[in-house]
Amino acid sequence: SPHWQQQLLKCEMIRSARSPHHRARTSAMASRTVAKSAIPITNPNLVKPPLPAELNGTASEVSSPTTSDRPASSPPINGNAVNRPSSTVAAPAEAFRPTSIMKPPENTWSSLDMGGLNIKNLPATSGLFTFTFLINLYLNHNALSSVPPEISKLRHLELLDISGNNLSTLPPEMGMLTQLKELYVFDNHLTVIPFELGSLHQLQTLGVEGNPLDATLKAIIQKDGTPTLISYLRDNCPTPPAPPLRELKVLLTEPELEALAADPNAETFRVLCYNILCERCATERLYGYTPSWALAWEYRKDLILTEIINSGADFLCLQEVDIAAYEDYFTKNLAEHGYEGVYWPKSRSRTMNEADRRQVDGCATFYKADRYQLVEKHLVEFSAVAMQRQDFKKTDDMFNRVLGKEHLAIVSLMEDKVTGTRFVIANAHIHWDPAYCDVKLVQAALLVDEIEKMASHFAKYPPRPPPSASTSSIVQAYRTPPVYTDGTKIPLIICGDFNSIPSSGVYDFLSNGTLPADHVDFKSHKYGRYTSEGLRHRFGLKSAYAAPGAGEPPVTNYVPTFQGHIDYLWYSAANLGVNAILSGVDKDYLEKVVGFPNAHFPSDHVCIVAEFRVK
């Protein structure tokens, strides 16, 4: 087959590279300019053009760091690839995810040739495993009988050559090297390939010729090539041990807890925020490291529902819920647990046929209907709101950057049926692309502006009337409802997937209440008053996971190219306090996992939960 022909060609090429530092020498020769040479000397290992003249004279064991130095099959890290878990495929129309790519640490060289040196042992403590900037590593034609698990620290490797050694096994930890595109293990003593290598979803060549490999595995790679073998390993890999359960971390002291328990008027409530990864986006193209059975909606939906129910939350704020999932699954199943919901999909659903419409995602907010009354619900479509602003209308940046994005938020105005306490619960999904940090800022500012108007109106509504005698349980608990002099006095929760890390302008604006007009995240674009006067709000917001005693923010989005905190539960600190938060995922577990979703975590995001008290 063509796959096997390619494999044999590469095998012969590598067998001819057994002399010490063969790759470094040929690379150095290729980068030299030979005066008056009729025939230019090129690197025989590369099909790309020779290195540019400015890199002359790199005749060391280390080859040059240009993209030309990478294997021909390895695409450069470019703008088209950086924001998706898989950089081997074209950008989908909108790949909502990771906020930024995990780039290799800066270094003047990125390839290391230790081939043909008769190295017998690589100790786990070797300094080699601190070279996390490496993209190409050649350990071919040595006398290694094992590769230590610490190889997994070199997360940016795209080519690893360990051909011509005495290896009878490969460490399962090699499955963590998800950037690998070429893995050569020619001429060893391998009979099996670890199932864990199934997570190497970008691998284009697994070179196995010259090994007494299991007949089934060899037949797959000979007939259908490396990607098919990787899919086979991935889908048949045993499920790893489950992580420890995430505990609710109490942030109050013992005396504070006792006082709260003794207070008959104490009001506490719990909020969950969760981007559940809609079915349309859960594709092998984006999540090639996830077993196909674990990526299927039929498997994921039950895990998501279990997680939601176990949280015991009064308010559930979900993002990336498609119409089909909302109507057919969540509404029905959550109703059995006493929840009612508010939902809006993205605007394009209004122009589609029924089948396509059901695939469109949006935001859903559910609430415990026995305790809370929905007074009003509002849709905030950021592009539509931006269009209505007089100070935005004439800017090119508005048309070119903000209007094409159909992100939204849902604002629910709620009232406690017993106490009459009011709540504003906002559930938002902000744009994903790090190249549009200005748009993220504009969307966050528009959201806060809209909430300010809604809360101001909500404060003017008359108090809830006393319950009728027929609802005796409510009558007994009834007390005079609070009166709100203005909207900022109403307890406020703003939560969602903000696609913004804690060092971003969005975080600064929401947590500080101000942001200068010339903030770097505006990128010198013009957005009316926002970029002439700066941003401002009066809500006094804090992140629940930044409360005293909360510790460092947990990872809420976990994929191979990005791990960070981008989902938030913001609360108005003047009238709410944080009692407890759901702890992050166990760090030891995360170190052994390529990315989410997987068998235990049904989305690429992790849910966050906080319990609040009304002050």
task: Examine the side chains of Glu376 and His378 and answer whether a donor and an acceptor come within less than 3.5 Å of each other.
output: yes

- prompt: Side chain of Asp521, backbone of Leu441: donor and acceptor closer than 3.5 Å?
  reply: no

- prompt: Where do Val411 and Ile451 come nearest, in terms of heavy atoms and distance?
  reply: CG2-CG1, 4.1 Å

message: For the backbone of Asp356 and the side chain of Asn353, can you confirm whether one donor and one acceptor N or O come within less than 3.5 Å of each other?
response: yes

task: Mind checking side-chain hydrogen bond (donor to acceptor under 3.5 Å, both in side chains) for Arg246 and listing every partner two or more places apart, or none if nothing turns up?
output: none

message: Just by distance, no angles: are the side chains of Glu267 and Thr419 close enough, under 3.5 Å, to form a donor-acceptor pair?
response: yes

Residues 505-514, side-chain donor-acceptor partners within the protein, below 3.5 Å, at least two apart:
| residue | atom | partner | partner atom | Å |
| --- | --- | --- | --- | --- |
| Ser511 | OG | Tyr507 | O | 2.7 |
| Asn512 | ND2 | Asp508 | O | 3.3 |

- prompt: What's the verdict on side-chain contact (heavy atoms from CB on, under 4.5 Å) for Met387 and Leu403, showing C-alpha distance, side-chain angles and the deciding distance?
  reply: CA-CA 8 Å; Met387 271 297 282; Leu403 292 189; 3.5 Å; yes

Ring geometry between His429 and His407 (parallel below 30°, tilted from 30 to 60°, perpendicular above 60°): perpendicular

task: Decide, yes or no, whether a salt bridge links Glu552 with Lys587 under the criterion of side-chain N to carboxylate O below 4.0 Å.
output: yes

message: Looking at Glu327 and Arg358, is there a salt bridge between them, counting it only when a charged N and a carboxylate O are closer than 4.0 Å?
response: yes

query: Which of parallel (below 30°), tilted (30 to 60°) and perpendicular (above 60°) describes Tyr329 and Trp297?
result: perpendicular

message: On a heavy-atom basis, which atom in Phe133 and which in Asn107 lie closest, and how many Å separate them?
response: CE1-ND2, 3.1 Å

message: Does the structure place the NZ or CZ of Arg422 under 6.0 Å from the centre of the six-membered ring of Phe458, at an angle of no more than 45° from the ring's axis?
response: yes

- prompt: Side-chain donor-acceptor pair under 3.5 Å between Asn275 and Gln319, yes or no?
  reply: no

task: Kindly determine whether Glu415 and Tyr372 satisfy side-chain hydrogen bond (donor to acceptor under 3.5 Å, both in side chains), including the steps that lead there.
output: CA-CA 6 Å; Glu415 198 165 70; Tyr372 298 101; over 6 Å; no

task: Taking the six-membered ring for Trp and the single ring otherwise, decide whether the centroids of Phe423 and Phe269 are under 6.0 Å apart.
output: yes

- line: On a heavy-atom basis, the closest approach of Gln202 and Thr178 is NE2-O, 3.4 Å

field: Phe498 and Trp570 aromatic ring geometry - parallel, tilted or perpendicular at 30°/60° bounds
entry: perpendicular

- request: Ignoring hydrogens and angles, tell me if any N or O in the side chain of Ser532 forms a donor-acceptor pair with the backbone of Gly528 under 3.5 Å.
  value: yes

task: For the pair Tyr326 and Phe366, name the ring-plane relationship: parallel under 30°, tilted 30 to 60°, perpendicular over 60°.
output: tilted

message: Distance alone, cut at 3.5 Å: any donor-acceptor contact between the side chains of Tyr527 and Arg389?
response: no

task: Of all the heavy-atom pairs spanning Ala459 and Gly487, show the shortest one and how long it is.
output: CB-N, 3.8 Å

message: Run the side-chain hydrogen bond (donor to acceptor under 3.5 Å, both in side chains) test on Asn598 and Tyr558 for me, step by step, so that the C-alpha distance in whole Å, both residues' side-chain angles and the decisive distance to 0.1 Å come before the verdict.
response: CA-CA 11 Å; Asn598 66 7; Tyr558 194 83; over 6 Å; no

field: Cationic N near anionic O, under 4.0 Å, Arg401 to Asp438
entry: yes

query: Can we call the ring centroids of Tyr461 and Tyr484 under 6.0 Å apart?
result: no

message: Both conditions, 6.0 Å and 45 degrees, for the charged tip of Lys405 above the ring of Tyr436: are they met here?
response: yes

task: Examine the side chains of Asp567 and Thr556 and answer whether a donor and an acceptor come within less than 3.5 Å of each other.
output: yes

